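Below is one structure, written out as structure tokens, with a few remarks after it.
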Protein chains: 2
Amino acid sequence: MKFEKIIATCVEINSEIFFIVKINTKCPLKRSLRRILLYRGSLLRLQALGVKRVYSYTLGSETGVSAEQVRKDFSEYHIKGNQRGGYRVDKLIGEMETIFHNNGNHNIIVVGRGNIGSSLANYNNFIQRQINIVATFDIDPSKQRIRSDIPVYTMERMKEIIDRFEVRTAIIAVPDMVAQNVCDQLVKYGIDGIVNFAPVILKVTDDIIVNNVNLSDEIESVIYCVSLTGLEEF
Amino acid sequence: MKFEKIIATCVEINSEIFFIVKINTKCPLKRSLRRILLYRGSLLRLQALGVKRVYSYTLGSETGVSAEQVRKDFSEYHIKGNQRGGYRVDKLIGEMETIFHNNGNHNIIVVGRGNIGSSLANYNNFIQRQINIVATFDIDPSKQRIRSDIPVYTMERMKEIIDRFEVRTAIIAVPDMVAQNVCDQLVKYGIDGIVNFAPVILKVTDDIIVNNVNLSDEIESVIYCVSLTGLEEF
DNA sequence: TTTTTATAGTTATATTTTTCACATCTAATG
DNA sequence: CATTAGATGTGAAAAATATAACTATAAAAA
Ligand SMILES: NC(=O)c1ccc[n+]([C@@H]2O[C@H](COP(=O)([O-])OP(=O)(O)OC[C@H]3O[C@@H](n4cnc5c(N)ncnc54)[C@H](O)[C@@H]3O)[C@@H](O)[C@H]2O)c1
Ligand SMILES: NC(=O)c1ccc[n+]([C@@H]2O[C@H](COP(=O)([O-])OP(=O)(O)OC[C@H]3O[C@@H](n4cnc5c(N)ncnc54)[C@H](O)[C@@H]3O)[C@@H](O)[C@H]2O)c1
């Protein structure tokens, strides 16, 4: 795991210079570990279908990874298979749970019960991945009247819920202008992992993990790739 | 750009062996180019705030990238600044548009007007990034009655809309079990770029660009990082 | 039992990506 | 006008990642 050093920055806004002291963090979970997550998701689905056994190339094909890469990743995390018969799905899942120290469900909260926040709250399959959304928060009173399995609370109750459910990870799904503000509150109440959907890089100290999910970038990168095809020869 | 080779795979389901011939593609847009996208998003926001000029470390700090990396990326795409005065925001944005061949808006469609599909359709800021959702599609008649700026059509009208708006990129936001099916339809109608929210790896030929966005993985990777802190020394 | 074969596991190599160090340039300053 | 401070630009080194090639082994077949 690596952290960026503290740097002082300045911005010019309308010919006035502003100084910002920023401490930045990255948690770009090394690629191999991200793939273990990917394999696990795929294995859980395969298991549900009744699949008992996979080969490195089966799993690779399922996850869009080369067979060598799958074996290499397993090797890195000391996951052993049977040299002729591949890997047992249940055993694999078990070993992955160990890697992720998965002792039961992980309670998380979502701030902002708008489009994205509601999508996440309505999604039923998180529980298969042991992700448990215990509450959502919103400042808008009309949102607070939403009736669903997952409650919507006012911001005032955030600390209480975080403490009660021992929440360590939160999702930010509020407009970009208030994302930093919400982030600061979350950190104050003891959150140390954030998934951020707002298109801003949050300023946090380096003990806080932030994962920025930028949907515009995800779409735009495909649009760009598509615009390339036909232009370049292979 | 790199493509995986064609491989034959087999899966064992309830002790029956199934063979699948699969052709897989990846479009992992090289990291530097992904960051250019990130810089551009940030610059557009800064521009709206009235910022005229940035330095490599300003922009780096804004996007969570090191100053050296920013300069290196610019160097790769032959983007020049002023060796004392940094970079002019408008000029930078212009150069990036050139890189992305951005001649006007890009029309895209969304299949599945459920949680994610509606979130995307309701999002007003795509247009700033020249992403233009022209239509959404759903098999559910109740979804087809949704009234909003962006229409919901039956699947029957897909080909017509794709042709009319010259759509090349589509977003898949349907349940995982039908994602491959929808994908095949899209490809049949001439789509060659797909952003896939379903947690399955789509089987496509290597002329089709697929970007898988797996929200569970995004959340889980933070949960994992958080569970590590305190366990490891730095 | 021996041989064959398919697949895991590992080591070596290649490629990509990031970081570092410093030369270079430009705008401000005295 | 010469000097200097503070930026950019880039080649080289280092680190991370991916690919390929090879070895070992277990299961199946002969
Ligand atoms: N919807 C998308 O497809 C999409 C795409 C790209 C990026 N994003 C980003 O994701 C974030 C959420 O998007 P969305 O479409 O769900 O927005 P939204 O407007 O639907 O929802 C935002 C919610 O946050 C609440 N909110 C506002 N200020 C708050 C505060 N200070 N504290 C708590 N709650 C507050 C609002 O009441 C609202 O319910 C935004 O930052 C947006 O830029 C969304
Ligand atoms: N909502 C989330 O937070 C979340 C998180 C992780 C992954 N995902 C994935 O994203 C995808 C969409 O999720 P969602 O929550 O929006 O689902 P959803 O159930 O809300 O919406 C799916 C929509 O697709 C439509 N649909 C079903 N079959 C179709 C078909 N054959 N053709 C066209 N439309 C069809 C349904 O009518 C529905 O409106 C799913 O694959 C899901 O696994 C969602």
Side-chain angles (χ1 to χ4, degrees), chain A residues 1-5 7-12 15 17 19 24 26-39 52-61 63-89 91-92 95, chain B residues 1-12 15 17 19 24-39 52-61 63-89 91-92 95:
Chain A
M1 209 173 294
K2 224 178 329 144
F3 296 99
E4 256 192 77
K5 47 185 170 277
I7 45 172
T9 81
C10 61
V11 206
E12 184 187 319
S15 52
I17 305 289
F19 283 86
N24 194 19
K26 292 197 250 182
C27 157
L29 207 56
K30 58 191 291 195
R31 305 291 266 278
S32 55
L33 206 42
R34 261 306 278 253
R35 283 191 301 266
I36 298 279
L37 235 40
L38 189 67
Y39 303 144
K52 298 275 178 254
R53 194 164 273 286
V54 293
Y55 303 110
S56 58
Y57 51 86
T58 321
L59 192 55
S61 142
T63 52
V65 171
S66 75
E68 296 85 352
Q69 185 80 79
V70 171
R71 294 204 299 276
K72 192 85 206 276
D73 289 340
F74 284 5
S75 168
E76 184 176 344
Y77 294 98
H78 309 104
I79 295 175
K80 302 276 174 195
N82 177 315
Q83 287 197 290
R84 182 68 196 280
Y87 306 86
R88 272 182 45 202
V89 171
K91 200 154 150 288
L92 271 186
E95 305 221 42
Chain B
M1 210 173 293
K2 224 173 331 143
F3 297 100
E4 256 191 79
K5 47 184 170 282
I6 299 174
I7 46 172
T9 80
C10 60
V11 206
E12 183 188 307
S15 50
I17 306 288
F19 283 86
N24 195 17
T25 313
K26 292 198 250 181
C27 156
L29 206 57
K30 56 191 293 197
R31 305 288 267 278
S32 54
L33 205 44
R34 262 306 278 253
R35 282 191 302 265
I36 299 277
L37 234 39
L38 190 66
Y39 303 144
K52 298 275 177 254
R53 191 165 276 287
V54 292
Y55 302 111
S56 58
Y57 52 86
T58 321
L59 190 55
S61 141
T63 52
V65 171
S66 76
E68 298 85 354
Q69 185 81 79
V70 171
R71 294 203 300 275
K72 193 85 213 228
D73 289 340
F74 284 4
S75 169
E76 184 176 345
Y77 294 98
H78 309 104
I79 295 175
K80 302 275 176 196
N82 177 317
Q83 287 197 291
R84 180 70 196 279
Y87 306 86
R88 272 182 46 201
V89 171
K91 200 154 150 287
L92 272 186
E95 307 221 39

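In the text below, chain A, chain B and the rest are named by the order of the sequence lines, each starting its count at 1. In this text the structure is predicted, and so the values were computed from the model without any measurement.
Between B/L33 and B/Y77 the shortest side-chain heavy-atom distance falls below 4.5 Å.
Under 4.0 angstrom from either OP1 or OP2 of D/dG9 there lies at least one side-chain N or O belonging to B/Y87. The shortest distance between the side-chain N/O atoms of A/Y55 and the OP1/OP2 oxygens of C/dA8 is not below 4.0 Å. Taking 4.0 angstrom as the limit, A/R35 places a side-chain polar atom (N or O) nearer than this to OP1 or OP2 of D/dA18. Between C/dT19 and B/S66, a contact under 4.0 Å exists linking OP1 or OP2 to a side-chain N or O. OP1 or OP2 of D/dT10 sits under 4.0 Å from a side-chain N or O of B/K80. For D/dG9, neither phosphate oxygen OP1 nor OP2 lies less than 4.0 angstrom from any side-chain nitrogen or oxygen of B/S75.
Remark: P of D/dT8 and CG of B/L92 are 10 Å apart, rounded to the nearest angstrom. Atoms CG (A/L59) and P (C/dG9) sit 13 Å apart, rounded to a whole Å. Atom CD of B/E95 is separated from atom P of D/dG9 by 10 Å (rounded to the nearest Å). If you take OH of B/Y57 and C1' of D/dA7, they are 7 Å apart, rounded to a whole angstrom. In this structure, A/Q69 places its CD atom 16 Å from P of D/dA16, rounding to the nearest Å. Following rounding to the nearest Å, A/Y77 (OH) and C/dG9 (C1') show an atom-to-atom distance of 17 Å. Taking atom CD of B/E76 as the reference point, atom P of D/dG11 lies 13 Å away to the nearest angstrom. Rounded to an integer number of Å, the gap from CZ of A/R34 to C1' of D/dA18 is 17 Å.
Considering only residues two or more places apart in sequence or on other chains, A/R35 meets the salt bridge (charged side-chain N to carboxylate O under 4.0 Å, His left out) condition with A/D73. For A/Y39, the ring-ring contact (aromatic ring centres under 6.0 Å, His included) partners at least two apart in sequence or on another chain are A/F74. The side-chain hydrogen bond (donor to acceptor under 3.5 Å, both in side chains) test applied to A/E76 returns A/K30, A/S32, not counting sequence neighbours. By the salt bridge (charged side-chain N to carboxylate O under 4.0 Å, His left out) test, A/K80 pairs with no residue at all, sequence neighbours left out.
B/R53 CZ to B/K91 NZ: the interatomic distance, rounded to the nearest 0.5 Å, is 9.0 Å. A distance of 12.0 Å separates CG of B/L37 from OG1 of B/T63, quoted to the nearest 0.5 Å.
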Collect all protein-nucleotide pairs involving nucleotides 12-14 of chain C in which both atoms are nitrogen or oxygen and the distance is under 3.5 Å.
{"from": "C/dA12", "atom 1": "N6", "to": "A/K72", "atom 2": "NZ", "distance (Å)": "3.4"}

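Between B/L92 and B/I79, the closest heavy-atom pair is CD2-CG2, 3.5 Å. Contact detail for B/S56 and B/R71: the closest heavy-atom pair is OG-NH1, 3.2 Å.
Nearest nucleotide to the B/R71 side chain, out of C/dT18, D/dT10, C/dT10: D/dT10.
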Sequence-aligned protein contact record of nucleotides 25-30 of chain C, with B where the base is within under 4.0 Å of a protein heavy atom and S where only the sugar-phosphate is: BBB---

